[in-house]
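None of these values were measured; they are calculated from a predicted model.
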Amino acid sequence: DAVDRYMGVPLSEVPAPAGSAAANYARHFVGELFLSTFKPLGLDPELYWMSELYRAGTMDSFIRTALDAATTVRAIYLRVSKVEKTADWLPISVICQTCGRIGTTHATDWDGETVAYACQPDMVAWATGCGASGRVAPFGGLAKLPFNVDWAAKWSHFGVTIEGCGKDLATAGGSRDRSDAIAREVFHREPPLNIPHEFINVGGKKMSTSRAQGAAAHEIAAVVPPEQIRLLLVRHRPQQAIEFNPDQTDAIPRLFDESDRLAAATAGRPVRGELPAHADRIFAASLPDAGMDPAAAAATFRPAFGHLALLVQIPGVNVAERAAAEKGSALTPAEVATLDGRIAAARAWLATYAPDAARIAVREDAASPNDDPAMRALLEDIANRLAAVAAPWTGDQVQEAIFNTATERAIPAGSVFAALYAAFLGRTSGPRAGWLLASLDPAFVIGRLREAAGSPTA
């Protein structure tokens with residue numbers, strides 16, 4: 001019955017879910033599930049709870065100013081947005097003194113100290129008012145300004161000089177235009193500089209967790225480390241949409257790969273592919289610790305995420321030892337911390353967003369020789385190439401050996417990968433083959449390739 005009891009009640013007055021230590025419903029969801037992601041991201045905002053400011057009387061002067069200028073506010077709604085309010089409408093939402101709802105009340109007749117209000121049973125479709133009516137002084141937390149007026153009032157109270165907003169609010173005649181006009185004509189101050197920003201899109205559509213489109217902040221933070229989350233948000237200009245679908249096959253691995261490419265470029269190492277402008281600045285902005293030296297951070301060893309996602313699935317593999325072997329020396333404390341964070345992220349990704357193709361179980365039985373003589377020769381060639389490469393291999397090295405061999409023998413890469421997956425996984429699809437083979441014992445890989453090639457020395 002919680003919906004019947006609390007729909008229309010201010011969220012600051014709704015109890016937190018059972019088992020929560022939060023003071024109310026709003027604090028639970030904003031505090032535990034959103035603000036909890038801030039500190040790891042290196043964000044330390046100063047927080048203000050508007051429910052507290054209203055109760056403390058901080059907003060009383062703005063309420064009085066808005067009510068005195070109610071005619072002006074109604075005219076702004078009509079002129080700017082073509083939204084016509086009734087002649088008795090006031091820019092205030094009163095909390096019903098009988099049932100505690102704010103979403104079902106209509107206020108009228110401001111006399112300079114009090115307003116009349118009625119809690120209407122059928123005012124909105126999503127909540128039912130109790131039918132009570134009366135007069136109340138709308139101060140000290142007993143009422144709240146409607147969104148556009150509240151927004152403009154906060155600019156004045158906090159002295160805001162710059163505040164961006166989503167492009168939906170910034171459309172012509174929209175919420176931002178209304179609040180800008182209210183700031184100028186009611187509160188007599190210039191509104192803050194607006195920097196409209198694009199959306200985070202999932203499959204080309206605006207992310208909206210209320211419509212099950214996308215993922216909540218705390219869900220992503222449980223899988224993606226802070227550095228990569230910051231990179232996702234800072235690598236584009238505000239006016240460029242961010243396309244990110246965590247359910248997409250390789251969205252999260254690609255985010256790690258891009259982070260590593262920017263680190264390599266910052267450290268002066270060669271990088272494949274085109275880099276964004278100011279790659280070093282983007283990398284520096286992605287670091288959650290403002291005191292961290294970007295050059296030092298970029299120089300640290302970063303194990304490839306895709307490789308780790310394979311290693312953690314292979315029984316008996318000591319991932320730390322493999323990482324140190326790949327680096328060529330012992331890991332520093334910072335590199336151990338990076339490795340541990342990425343291992344945790346890889347496990348979380350495999351448990352949540354990873355496609356079935358990323359989950360592996362290497363077949364223990366010997367591979368049957370491939371039916372195609374040309375493919376058997378190619379697999380033998382790949383085995384010979386890898387045998388000449390010093391271990392431990394990197395995913396890039398193995399991938400290059402596969403592609404070079406396929407190109408030289410004019411065999412489509414898709415057919416080659418299917419043969420490799422069949423030999424090692426017993427299926428025709430899987431994760432990136434280079435990283436898969438680099439995750440396994442080199443002697444086992446060479447032996448399995450020669451088994452699949454039908455080599456008499458296998």
Side-chain angles (χ1 to χ4, degrees), residues 5-15 22-27 30 46-77 83 85-121 123-124 127-160 163 175 178-189 191-192:
R5 285 187 290 131
Y6 294 116
M7 281 300 287
V9 174
L11 295 182
S12 60
E13 301 300 324
V14 177
N24 55 53
Y25 192 89
R27 295 292 181 96
V30 175
E46 186 172 355
L47 300 176
Y48 300 90
W49 296 94
M50 292 308 297
S51 57
E52 293 181 353
L53 294 183
Y54 272 96
R55 281 196 290 268
T58 304
M59 304 301 291
D60 287 354
S61 63
F62 299 103
I63 291 174
R64 187 178 294 277
T65 298
L67 289 172
D68 287 343
T71 301
T72 301
V73 176
R74 289 194 293 266
I76 289 171
Y77 273 79
V83 174
K85 299 293 186 179
T86 60
D88 65 351
W89 178 88
L90 294 176
I92 194 70
S93 296
V94 173
I95 297 175
C96 177
Q97 297 302 288
T98 300
C99 70
R101 286 181 172 81
I102 193 172
T104 56
T105 60
H106 178 68
T108 59
D109 189 28
W110 164 243
D111 64 8
E113 292 299 330
T114 65
V115 296
Y117 77 92
C119 186
Q120 302 174 350
M123 180 175 171
V124 294
T128 303
C130 68
S133 61
R135 297 194 72 90
V136 65
F139 307 115
L142 297 183
K144 180 184 181 297
L145 294 167
F147 171 65
N148 290 124
V149 186
D150 176 80
W151 198 4
K154 284 185 285 195
W155 291 338
S156 288
H157 171 65
F158 293 113
V160 180
E163 181 175 356
S175 282
R178 288 197 295 271
S179 294
D180 283 356
I182 291 168
R184 293 186 178 102
E185 299 173 41
V186 176
F187 299 121
H188 306 294
R189 59 112 56 197

- Query: Quick one: does Ile102's side chain get under 4.5 Å of Ile95's, heavy atoms only?
  - Reply: yes

- Heavy-atom closest pair (Leu142 atom, Ala137 atom, distance to 0.1 Å) is CD1-O, 3.7 Å

- Distance in Å, Asp88 CG paired with Trp110 CH2, rounded so as to fall on 0.5 Å steps: 16.0 Å

- What one should report as the nearest heavy-atom pair of Ala66 and Leu145 is CB-CD2, 3.9 Å

- Item | Distance, nearest 0.5 Å, that separates CG of Leu90 from OG1 of Thr71 | 9.0 Å

- Query: Which heavy-atom pair separates Val186 from Thr65 by the least distance, and what is that distance?
  - Reply: O-CG2, 3.6 Å

- Message: Measuring centre to centre across the rings, with the benzene-like ring taken for any Trp, is Phe158 within less than 6.0 Å of Tyr48?
- Response: yes

- Note on the structure: When rounded to the nearest 0.5 Å, the distance separating CD of Gln120 from OG of Ser133 is 10.0 Å

- Could you go step by step and tell me if Val136 and Val115 meet the side chain to side chain contact (heavy atoms under 4.5 Å, CB included) rule? CA-CA 6 Å; Val136 65; Val115 296; 4.2 Å; yes

- Atom pair SG/CD of Cys130 and Gln97 - distance to nearest 0.5 Å: 10.5 Å

- Task: Show your working on side chain to side chain contact (heavy atoms under 4.5 Å, CB included) between Val73 and Lys85 and close with a plain yes or no.
- Result: CA-CA 9 Å; Val73 176; Lys85 299 293 186 179; over 6 Å; no

- Which pair of non-hydrogen atoms, one from Pro10 and one from Gly100, has the smallest distance, and what is that distance? CD-O, 3.3 Å

- Message: side chain to side chain contact (heavy atoms under 4.5 Å, CB included), that's the test. Do Val149 and Phe187 meet it? Break it down for me.
- Response: CA-CA 10 Å; Val149 186; Phe187 299 121; 4.1 Å; yes

- Just wondering, do Thr98 and Cys119 contact through their side chains at under 4.5 Å, heavy atoms? no

- Would you give the length of the straight line joining atom CD1 of Ile182 to atom OG of Ser156, rounded to the nearest 0.5 angstrom? 11.5 Å

- State, with a plain yes or no, whether a side-chain heavy atom of Leu11 is found less than 4.5 Å away from one of Asn24. no

- Item | Electrostatic pair Lys154:Asp150 at N-O distance under 4.0 angstrom | yes

- Task: Kindly write out the residues that satisfy ring pair (Phe, Tyr, Trp, His ring centres under 6.0 Å) with Trp49, not counting sequence neighbours, or none if the list is empty.
- Result: none

- Output the distance between atom OG1 (Thr58) and atom CG (Leu53), rounded to the nearest 0.5 Å. 5.0 Å

- So, Glu13 and Arg101, do they make that salt bridge, N to O below 4.0 Å? no

- Item | Shortest non-hydrogen contact between Ser93 and Thr105, atoms and distance | C-OG1, 4.4 Å

- Measure from the side-chain N and O atoms of Tyr6 to the backbone N and O of Pro15, and report whether any donor-acceptor pair falls under 3.5 Å. no

- Message: Filter on side-chain hydrogen bond (donor to acceptor under 3.5 Å, both in side chains), then keep only pairs touching residues 178-187, sequence neighbours left out; what's left?
- Response: Arg79-Glu185, Ser81-Arg178, Asn148-Arg178, Asn148-Ser179, Ser175-Arg178, Arg176-Asp180, Arg184-Glu190

- Message: Within the supplied structure, the quantity of interest is the number of heavy atoms (other residues, nucleotides, ligands) at a distance under 6.0 Å from Tyr25 OH; does it exceed 12?
- Response: no

- Query: Going through the checks in order, is the side chain to side chain contact (heavy atoms under 4.5 Å, CB included) test met by Glu113 and Arg64?
  - Reply: CA-CA 8 Å; Glu113 292 299 330; Arg64 187 178 294 277; 3.5 Å; yes

- Item | Check: Tyr54 and Ile63 side chains under 4.5 Å, non-hydrogen atoms | yes

- Item | Aromatic ring proximity, centroids under 6.0 angstrom, Tyr77 and Trp89 | yes

- Heavy-atom pair of closest approach, residues Ala127 and Met7: CB-O, 3.5 Å

